[in-house]
Amino acid sequence: MNLPNKITVFRFCCIPFLWLFSLWQFRYHWVAALLVYFVACISDNVDGYIARKRGLVTDFGKLMDPLSDKSLVLAAFLIQSNLGYRTDLVIMIMMAREFLVAGMRMAATVEGEVIAANAFGKAKTFIQMSTTGMTFLLLAILEKDQEIIIAVNGFNAPEWLNIYCTVAFWIAAIVTLLSGIKYTKDGWHLIKTK
């Protein structure tokens with residue numbers, strides 16, 4: 001397994017620690033969650049850069065890199081949904097898009113094709129990581145400034161934080177939906193009846 005693929009696997013390994021630090025209520029646990037999430041998100045750029053620069057692009061990387069991104073981002077959204085920062089429809093849109101694209105990738109594999117992430121998909125991932133990352137940052141700042149332990153359940157967030165999360169998550173959901181439409185259009189030949 002080459003270095004970019006190891007970094008992709010590392011990103012999967014970050015997810016349990018993100019959950020642990022988000023749910024385990026100790027002083028500055030949101031700071032710890034933010035650091036894990038930041039490192040995992042940065043690793044997405046690092047593995048892609050190394051793979052392209054060294055000519056180490058593999059089918060494993062093309063399939064697993066987007067899957068690791070999806071898993072990380074959905075974990076972040078689900079963690080933050082427990083704080084009340086979302087609507088159920090936002091989560092459903094994101095999950096439906098991810099399952100649709102994953103299904104198309106599987107269908108492409110059967111046909112001997114590989115559907116790599118396109119620019120629209122990368123923009124979607126960037127926006128999702130940015131909005132969830134900013135929420136982790138704001139939680140870490142709130143926790144540090146107020147010197148309180150912010151629990152996943154039972155936290156009364158300031159109204160401005162609820163407004164930010166609602167707007168940011170809906171923007172991410174709309175971009176996610178548009179990205180799904182783009183992938184469906186590009187891969188329609190894989191799902192239409194022959």
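Here, residue 1 is the first one in the sequence, and each next residue gets the next number. Remember, predicted model here, so these are calculated numbers, not experimental data.
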Inset, instruction - Have a look at W24 and tell me which of F21, Y28, F26 forms a ring-ring contact (aromatic ring centres under 6.0 Å, His included) with it. - result: F26
Inset, instruction - Report whether F77 and M92 are members of the same hydrophobic cluster (ILVMFWY, side-chain heavy atoms less than 4.5 Å apart, transitive linking). - result: yes
Inset, instruction - For side chain to side chain contact (heavy atoms under 4.5 Å, CB included), just list the numbers for T131 and Y164, CA-CA rounded to whole Å, side-chain angles, deciding distance to a tenth of an Å, and then say yes or no. - result: CA-CA 9 Å; T131 55; Y164 161 78; 4.3 Å; yes
Inset, instruction - Please examine the side chains of W19 and L78, heavy atoms only from C-beta on, and report whether any two atoms are closer than 4.5 Å. - result: yes
Inset, instruction - Quick one: closest heavy-atom pair of W30 and S22, and the distance? - result: CZ3-OG, 3.5 Å
Legend entry - Heavy-atom side-chain proximity of I79 to L23 below 4.5 angstrom: no
Legend entry - Check: F10 and V39 side chains under 4.5 Å, non-hydrogen atoms: yes
Legend entry - L142 side, atom CG; L137 side, atom CG - distance, nearest 0.5 Å: 9.5 Å
Inset, instruction - May I ask you to test the D65-R11 pair for a side-chain heavy-atom distance under 4.5 Å? - result: yes
Legend entry - Min side-chain heavy-atom separation W170-V90 under 4.5 Å: yes
Legend entry - Beyond-backbone contact of F17 with L35, side-chain heavy atoms, under 4.5 angstrom: no
Legend entry - Sub-4.5 Å side-chain heavy-atom contact between R97 and K70: yes
Legend entry - Under 3.5 Å: donor-acceptor pair, side chain of E143, backbone of H29: yes
Legend entry - Distance in Å, M64 CE paired with N5 CG, rounded so as to fall on 0.5 Å steps: 9.5 Å
Legend entry - Short side-chain donor-acceptor distance under 3.5 Å, D47 and T8: yes
Legend entry - Over all atoms of both residues, closest heavy-atom pair of A172 and M94: CB-CE, 3.7 Å
Legend entry - Separation of S71 OG from L18 CG (nearest 0.5 Å): 12.0 Å
Legend entry - Cluster overlap V36 with L20, hydrophobic side-chain contacts below 4.5 Å: yes
Legend entry - Same apolar cluster: M95 and L89, side chain cutoff 4.5 Å: yes
Inset, instruction - Please name the pair of heavy atoms, one in P4 and one in I50, separated by the smallest distance, quoted to 0.1 Å. - result: CG-CG2, 3.7 Å
Legend entry - Greater than 12 external heavy atoms within 6.0 Å of F126's CZ: no
Inset, instruction - Scan residues 12-23 for pairs that pass salt bridge (charged side-chain N to carboxylate O under 4.0 Å, His left out), counting only residues two or more places apart or in two chains. - result: none
Inset, instruction - Identify the heavy atoms of F60 and M1 that sit nearest to each other, and give their distance. - result: CZ-CE, 4.2 Å
Inset, instruction - Measure the CD1-SG distance between I7 and C13 for me, rounded to the nearest 0.5 Å. - result: 12.5 Å
Legend entry - Interatomic distance, I181 atom CD1 to K185 atom NZ [nearest 0.5 angstrom]: 11.0 Å
Inset, instruction - Would you tell me whether D44 and T125 have side-chain atoms, one donor and one acceptor, within less than 3.5 Å of each other? - result: no
Legend entry - Pairwise salt bridge (charged side-chain N to carboxylate O under 4.0 Å, His left out) hits with a residue in residues 124-139, at least two apart: E98-K124
Inset, instruction - Could you please spell out the steps behind the side chain to side chain contact (heavy atoms under 4.5 Å, CB included) verdict for Q128 and L74? - result: CA-CA 9 Å; Q128 287 180 341; L74 283 175; over 6 Å; no
Legend entry - Distance-minimising heavy-atom pair for I93 and T176: O-CG2, 4.5 Å
Legend entry - Minimum side-chain heavy-atom gap Y37-V73 below 4.5 Å: yes
Legend entry - Residues, nucleotides or ligands: over 12 heavy atoms within 6.0 Å of Y49 OH: no
Legend entry - Cluster link L34 to L161, ILVMFWY, side chain under 4.5 Å: yes
Inset, instruction - Please answer: with hydrophobic residues joined when any side-chain heavy atoms are less than 4.5 Å apart, are F12 and V46 in the same cluster? - result: no
Inset, instruction - Would you tell me whether T132 and Q80 have side-chain atoms, one donor and one acceptor, within less than 3.5 Å of each other? - result: no
Legend entry - Closest approach of I15 to A75 (non-hydrogen atoms, all atoms of both residues): CG2-CB, 3.8 Å
